[in-house]
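Notes for the one structure printed next.
Source: prediction; values computed, not measured.
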Amino acid sequence: SAILFLFDNHTAYYLIGANDPEFRKYGTGSYLMFEQIRLSIEQGLSQVDFVGINSPQRGDYKTSFNADVKPYFDVYLEENQMT
């Protein structure tokens, strides 16, 4: 298993994670995620951003860490703009 996080002064951002499919049942990806959360707390970061839940499987996994779902952006289309 491997995960990659990016950081700024306040936040750890989950960029990507991967597991060998044969070893997913051992929970190594979750272990690494918990370790990164722990390290982020130790570093004094105020939040860990899971960077989206754009599919049901990723969404279920990310929210299983008690993630607080927040919209990244809202898009509105005005009818008169459709010409």
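- Within the structure, every pair that satisfies the ring-ring contact (aromatic ring centres under 6.0 Å, His included) test and touches residues 12-53, not counting sequence neighbours, is listed here: F5-Y14, F34-F65, F50-F65.
- Checked against side chain to side chain contact (heavy atoms under 4.5 Å, CB included), I41 has the following partners two or more places apart in sequence or in another chain: I37.
- A single hydrophobic cluster is not seen to contain both I3 and L39; linkage of ILVMFWY side chains at heavy-atom distances under 4.5 Å, directly or through other members, places them apart.
- Residue pairs that meet the side chain to side chain donor-acceptor pair (under 3.5 Å) test with at least one member in residues 38-48, sequence neighbours left out, are T11-Q47, E35-R38, Q36-S40, R38-E42.
- The salt bridge (charged side-chain N to carboxylate O under 4.0 Å, His left out) check on E22 picks up nothing, with sequence neighbours excluded.
- Applying the salt bridge (charged side-chain N to carboxylate O under 4.0 Å, His left out) test to pairs two or more places apart or on separate chains, none has a residue in residues 3-17.
- By the side-chain hydrogen bond (donor to acceptor under 3.5 Å, both in side chains) test, S1 is found to be paired with N19, T28, residues two or more places apart in sequence or in another chain being considered.
- Interatomic distance, CD1 of I16 versus CG of L4, reported as 7.5 Å (0.5 Å rounding).
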